[in-house]
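Worksheet: the structure to be examined is printed underneath.
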Number of protein chains: 2
Amino acid sequence: MDPEQRADTGAEGRLAEKINHLRDRLYPDKASRPGYAKLAAQIREQTGKPMSATYLWELASGRKRNLTQDTLVTLAEFFGVPAEYFLDDVVASRVDAQLDLAIALRNQKVRSIALRAEGLSDDTLDALLAMVTEARRIERLGPATDAGDGGQARGE
Amino acid sequence: MDPEQRADTGAEGRLAEKINHLRDRLYPDKASRPGYAKLAAQIREQTGKPMSATYLWELASGRKRNLTQDTLVTLAEFFGVPAEYFLDDVVASRVDAQLDLAIALRNQKVRSIALRAEGLSDDTLDALLAMVTEARRIERLGPATDAGDGGQARGE
DNA sequence: CTGGGGCATCCGCCTCAGCGGACGACACCG
DNA sequence: CGGTGTCGTCCGCTGAGGCGGATGCCCCAG
């Protein structure tokens, strides 16, 4: 019946996985996890935007997959991820692995540092990297999960 | 918080402006600027995804405003902006003003620095900020257009 | 054993994203 | 002048996004 919507492990069908993953992340305990009805109600209450249980299930089961701007924003807002999470698989995996970048960029000073670091020479960057890493040790923070991906965000 | 959607003069109807703005940015010369038909064809060719002239006009004129994931990605890809541009007004104005953050984050080392800076104390951040600013002066780069936004990325 | 509540799944409906095609209005060219 | 091309604008349709409501299953209170 279905012509060829199977086996696209690669690119598009990911949306269902993402939603399920976020749901699992939000409710790690399988036992106390609410069903789609309660979840939808929660989303409605927390974001103020509409969201139906049926549709949530359809998304999680991969039945509907081309979301609308509104829905996209609603979900992103509720799950606390940047909206791009649902659009860009690269961003998704990065956020998925740690969420650190997005969180880091919420700090205005960190953002300023990132902006100012752009364009500096490699040697200077290495020096700065050493400094900030050292600062981490001094302040007894963890080794800061670095994004291990070697790719760039978006080609032009 | 604004549960009610205020008169469409405000935040929502922005999409039309954004598209027009991007179009103007891409074709600064009013005379040689192609119409919606040509533009749509160009988008189709460049992204490989479908896009009709009529719909493009409907978007630019504010007639349709709740885009779909696919359309969103297509437009973002064509105009060379992150998809969030269309979703988040804060991101929009930032990207609009300079596009610097996105570019900066393409450098792996800059990204690492940003990641490691997260969580450090305010004092340490100030110190690092001073260092990197100083490094800029030494390497004779400009004062690094800092995003002048005063707020945080995403409210809640 | 019986009833109520939450669950996943399904069906049918309605709105609207997205498009094809057509219409006047210009502008250029023979 | 009348063609030919592109422009902005519009109407009407199709398909899918999004939802309300119904179904059967399982679990716990009574």
Side-chain angles (χ1 to χ4, degrees), chain A residues 1-5 8 12-20 22-24 26-27 29-45 47-78 83 86-87, chain B residues 5 8 12-20 22-24 26-27 29-45 47-78 83 86-87:
Chain A
M1 292 326 214
D2 343 7
E4 71 285 5
Q5 55 186 7
D8 45 39
E12 310 304 346
R14 286 288 182 88
L15 200 149
E17 299 176 26
K18 291 180 185 177
I19 293 195
N20 278 313
L22 286 175
R23 193 175 78 139
D24 287 350
L26 191 56
Y27 291 98
D29 184 21
K30 299 261 182 187
S32 68
R33 152 162 79 248
Y36 293 109
K38 295 260 176 151
L39 229 197
Q42 205 172 333
I43 293 178
R44 248 174 282 133
E45 196 146 339
T47 66
K49 288 130 145 205
M51 172 55 61
S52 79
T54 305
Y55 188 50
L56 206 60
W57 169 74
E58 287 174 323
L59 292 178
S61 64
R63 220 148 281 233
K64 298 286 177 70
R65 46 210 208 78
N66 196 21
L67 301 188
T68 236
Q69 205 183 358
D70 287 346
T71 319
L72 209 72
V73 168
T74 301
L75 290 178
E77 186 180 337
F78 175 75
F86 298 107
L87 302 174
Chain B
Q5 51 191 20
D8 6 349
E12 272 63 27
R14 287 283 180 88
L15 200 148
E17 298 176 25
K18 292 180 185 177
I19 293 194
N20 278 314
L22 287 174
R23 192 176 86 145
D24 286 351
L26 191 57
Y27 291 97
D29 183 20
K30 300 261 183 191
S32 68
R33 152 161 81 246
Y36 294 109
K38 295 261 178 158
L39 229 199
Q42 204 173 332
I43 293 179
R44 247 175 282 133
E45 195 147 342
T47 66
K49 287 129 145 204
M51 172 54 62
S52 80
T54 305
Y55 188 48
L56 206 60
W57 169 73
E58 287 175 322
L59 292 179
S61 65
R63 221 151 278 239
K64 299 285 176 72
R65 44 211 209 77
N66 196 19
L67 300 189
T68 235
Q69 205 182 358
D70 286 347
T71 319
L72 209 72
V73 168
T74 301
L75 290 178
E77 186 180 338
F78 176 75
F86 297 108
L87 302 175

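All chains are named by letter (A, B, ...) in the order of the sequence lines, taking the proteins before the strands, and each is independently numbered beginning at 1.
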Of all the nucleotides listed (dG18(D), dC19(C), dT6(D)), which has the minimum atom distance to the side chain of Lys38(B)? dT6(D)
Can you say whether a donor on the side chain of Thr54(B) sits under 3.5 Å from an acceptor on the base of dG21(C), or the other way round? yes
Side-chain donor/acceptor contact of Glu58(B) with base of dC10(D) under 3.5 Å: no
For Thr71(A), which contact category applies under a 4.0 Å heavy-atom criterion: base, sugar-phosphate, or nothing? sugar-phosphate
Just by distance, do the side chain of Asn66(A) and the backbone of Asp70(B) share a donor-acceptor pair under 3.5 Å? yes
Over how many whole Å does the gap from Leu56(B) atom CG to dG18(C) atom C1' extend? 11 Å
Pairwise 5' ranking along DNA chain D for Arg63(B) and Pro50(A), keeping only the more 5' one: Arg63(B)
Separation of dA17(C) atom P from Leu15(B) atom CG, nearest Å, is 11 Å
Tell me whether Gln69(A) contacts the main-chain N or O of Phe86(B) through its side chain, where contact means a donor paired with an acceptor under 3.5 Å. yes
Expressed in angstrom and rounded to an integer, what is the separation of Leu72(B) atom CG from dA17(C) atom P? 13 Å
Counting only side-chain nitrogens and oxygens, does Arg65(A) get under 4.0 Å of the OP1 or OP2 atom of dG17(D)? no
Return the CD to CG distance between Glu77(A) and Leu87(B), rounded to the nearest 0.5 Å. 12.0 Å
With DNA chain D as reference, determine whether Ser61(B) or Asn66(B) sits nearer its 5' end, using the nearest nucleotide of each. Ser61(B)
Atom CH2 of Trp57(B) and atom C1' of dT6(D): how far apart are they, to the nearest Å? 16 Å
Leu39(B) CG - dT6(D) P separation (whole Å): 14 Å
Could you tell me the separation between the NZ atom of Lys64(A) and the P atom of dG20(D), rounded to a whole number of Å? 13 Å
Selection from dC7(D), dC19(D), dC19(C) that lies nearest to any side-chain heavy atom of Ser52(A): dC19(D)
Rounded distance (Å) that lies between atom P of dG20(D) and atom OH of Tyr36(A): 18 Å
Between Thr68(A) and dG18(D), is there a side-chain N or O to OP1/OP2 distance below 4.0 Å? yes
Ignoring backbone atoms, test whether Arg33(B) places a side-chain nitrogen or oxygen under 4.0 Å from the OP1 or OP2 oxygen of dC7(D). no
Atom pair OG1 (Thr47(B)) and CZ (Phe78(B)), whose distance is rounded to the nearest 0.5 Å: 8.0 Å
To the closest 0.5 Å, what do you measure between OH (Tyr55(A)) and CG (Leu67(A))? 4.5 Å
For Gln69(B) and dA16(D), give me the distance from atom CD to atom C1', rounded to whole Å. 14 Å
